[in-house]
Amino acid sequence: MNGSRFAWKKLQKVLVWTGIGACCIFLCLFLWKENADKHIYEVPDYQKADLEELLNKKELSEEDYRFLFMQTGLSESALQKLLGDGKEEQIYCIQNRLFAETTPVCEKNSIISWEEWNEREEDWITFADLEDGDILITPCSHSFGWRNGHAALIVDAEKGETLESVVLGMKSSVQSVEKWEMYPCVMVFRLKGVSEEIRSEIARNAKENLCDIDYGLETGLLFPAYGEEVTKKTHCAHLVWYAYRSYGYDLDGDGGRIVTPKDLAESPLLEIVQVVGVNPVELWE
């Protein structure tokens with residue numbers, strides 16, 4: 001009888017301390033989440049300029065392109081394409097969005113992660129002409145206090161389709177680029193010095209072979225990130241990296257075991273096409 005009473009008291013202590021430990025962990029995670037970096041969205045700290053005279057020039061200099069990048073977030077190649085297609089109005093629209101102040105909302109998108117969105121349609125992003133194989137990256141995603149970001153691959157620019165490994169518990173799938181228009185901060189990257197045909201082939205191959213793959217944060221840590229067979233698990237940045245790694249392009253900027261959206265953004269193999277919600281001054285080289 002005494003033995004049973006002793007065991008029960010011991011069990012009570014274990015339960016109490018387990019409860020206290022769980023509460024401490026929950027509190028720490030809550031405080032970590034509440035202290036996540038809130039300053040992810042930036043507008044230029046300089047004046048918006050009138051671009052009409054510059055856009056009407058017959059030939060633009062390197063300094064002109066630099067100025068236009070600061071005013072629009074558009075690269076030289078993106079500007080040339082829009083100007084060549086007579087889409088000056090789209091450039092003005094993109095400029096207005098770069099300088100616009102917005103108030104994003106933060107919403108939970110899984111049991112461990114949150115994302116920021118712009119609810120009002122007038123605050124949504126206007127993209128320059130996207131191409132198959134383009135890479136979209138945003139810092140507007142965080143797991144508690146870790147701002148891990150999110151990445152996607154454009155697999156059909158004409159249809160506005162991306163390939164993404166979205167969140168824990170979901171398999172990789174084809175998504176719509178429309179949701180990317182709602183992020184307050186996005187960067188668009190493109191593989192340097194590679195033809196549109198090859199980039200389209202990479203995108204097409206990814207769409208055919210990298211859909212319906214389980215989400216796995218441990219990819220690259222507990223098992224190799226790349227092998228002869230198609231990967232069995234993936235996550236957002238790994239999916240994009242894997243698509244290009246299959247063609248010999250290693251987009252991991254730091255060469256670590258786990259590739260992140262930040263690693264992709266820092267890859268020397270990629271060039272910027274467009275940025276929104278990021279200070280262009282910090283990105284010009």
Side-chain angles (χ1 to χ4, degrees), residues 37-104 116-118 120-131 133-140 147 149-152 154 157 177 180-193 251 253 261-285:
D37 182 14
K38 301 296 193 299
H39 304 290
I40 57 159
Y41 173 72
E42 297 181 72
V43 296
D45 57 1
Y46 44 85
Q47 291 293 317
K48 184 173 72 170
D50 185 346
L51 304 181
E52 183 175 2
E53 183 177 348
L54 193 58
L55 294 181
N56 285 328
K57 288 178 65 173
K58 291 185 178 180
E59 187 173 342
L60 295 172
S61 66
E62 182 178 350
E63 185 59 30
D64 290 334
Y65 281 117
R66 181 185 185 280
F67 182 80
L68 286 170
F69 180 71
M70 301 305 168
Q71 286 290 319
T72 64
L74 295 170
S75 69
E76 180 176 340
S77 60
L79 286 162
Q80 288 176 345
K81 180 71 164 58
L82 290 172
L83 289 171
D85 292 342
K87 296 181 177 180
E88 289 84 358
E89 288 303 317
Q90 189 170 336
I91 296 175
Y92 293 128
C93 184
I94 290 171
Q95 181 195 27
N96 290 335
R97 179 59 185 80
L98 183 71
F99 282 86
E101 294 278 1
T102 70
T103 306
E116 286 84 18
W117 303 92
N118 281 321
R120 302 188 311 167
E121 189 170 349
E122 56 264 37
D123 292 332
W124 293 0
I125 293 172
T126 298
F127 285 116
D129 293 341
L130 297 171
E131 297 182 2
D134 283 353
I135 297 169
L136 306 179
I137 296 176
T138 179
C140 300
R147 192 162 285 286
H150 185 50
I154 298 290
V177 77
W180 284 83
E181 297 171 355
M182 298 171 67
Y183 284 123
C185 178
V186 177
M187 294 174 282
V188 183
F189 292 88
R190 187 170 293 159
L191 191 63
K192 290 180 184 177
L251 304 185
K262 183 174 182 290
D263 294 335
L264 294 175
E266 293 178 349
S267 172
L269 300 182
L270 299 178
E271 61 183 354
I272 292 173
V273 177
Q274 182 179 1
V275 297
V276 181
V278 179
N279 188 349
V281 175
E282 298 176 0
L283 299 174
W284 183 268
E285 295 181 354

Shortest non-hydrogen separation from [X] to [Y] and the atoms involved:
X    : Y    : result
Y41  : R97  : OH-NH1, 3.1 Å
F127 : I94  : C-CD1, 4.2 Å
V278 : C185 : CG2-SG, 3.5 Å
P184 : T102 : CB-OG1, 4.4 Å
L130 : L136 : CD2-CD2, 4.4 Å

Q.
For Y183, give me all partners under ring-ring contact (aromatic ring centres under 6.0 Å, His included), at least two apart in sequence or on another chain.
A. W117, W180
Q) Considering residues at least two apart in sequence or located in another chain, which fulfil the ring-ring contact (aromatic ring centres under 6.0 Å, His included) criterion with W124? A)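 If we apply the ring-ring contact (aromatic ring centres under 6.0 Å, His included) test to W124, skipping adjacent residues, there are no hits.
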How many angstroms lie between atom [atom1] of [X] and atom [atom2] of [Y], to the nearest 0.5 angstrom?
X    : Y    : atom1 : atom2 : result
T138 : M182 : OG1   : CE    : 12.5 Å
L79  : L74  : CG    : CG    : 5.0 Å
L51  : E53  : CG    : CD    : 11.0 Å
N118 : C140 : CG    : SG    : 8.0 Å

Listed partners of [X] passing side-chain hydrogen bond (donor to acceptor under 3.5 Å, both in side chains), at least two apart:
X   : answer
D64 : K57, S61
Q95 : Q71
S75 : S77

Q) With a 4.5 Å limit on heavy-atom distance, are the side chains of I91 and L68 in contact? A) no
Q | Atom CD of E122 with >12 non-hydrogen neighbours under 6.0 angstrom | A | yes
Residues two or more places apart in sequence or in another chain: which of them pass salt bridge (Lys or Arg N to Asp or Glu O under 4.0 Å) with [X]?
X    : result
E101 : none
D123 : R120
R190 : E131, D134
E181 : none

**Q.** side-chain contact (heavy atoms from CB on, under 4.5 Å) between Y92 and L55, intermediate numbers included
**A.** CA-CA 10 Å; Y92 293 128; L55 294 181; 3.8 Å; yes
Q) Could you go step by step and tell me if L264 and F189 meet the side-chain contact (heavy atoms from CB on, under 4.5 Å) rule? A) CA-CA 9 Å; L264 294 175; F189 292 88; over 6 Å; no
Q: For L83 and E88, run side-chain contact (heavy atoms from CB on, under 4.5 Å): C-alpha distance rounded to whole Å, both residues' side-chain angles, the deciding distance at 0.1 Å, then the answer.
A: CA-CA 6 Å; L83 289 171; E88 289 84 358; 3.9 Å; yes
**Q.** Any pair counted as salt bridge (charged side-chain N to carboxylate O under 4.0 Å, His left out), so long as it reaches residues 71-82, sequence neighbours left out
**A.**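 Output for this query lists K81-D85, K81-D129.
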Review item, side-chain donor-acceptor pairs of residues 267-277, under 3.5 Å, at least two apart:
residue: S267; atom: OG; partner: L269; partner atom: N; Å: 3.2
residue: Q274; atom: OE1; partner: A128; partner atom: N; Å: 2.8
residue: Q274; atom: NE2; partner: T126; partner atom: O; Å: 3.1

Q: Check side chain to side chain contact (heavy atoms under 4.5 Å, CB included) between Q47 and all other residues, then give those that pass, not counting sequence neighbours.
A: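 Side chain to side chain contact (heavy atoms under 4.5 Å, CB included) check on Q47 returns nothing, list empty.
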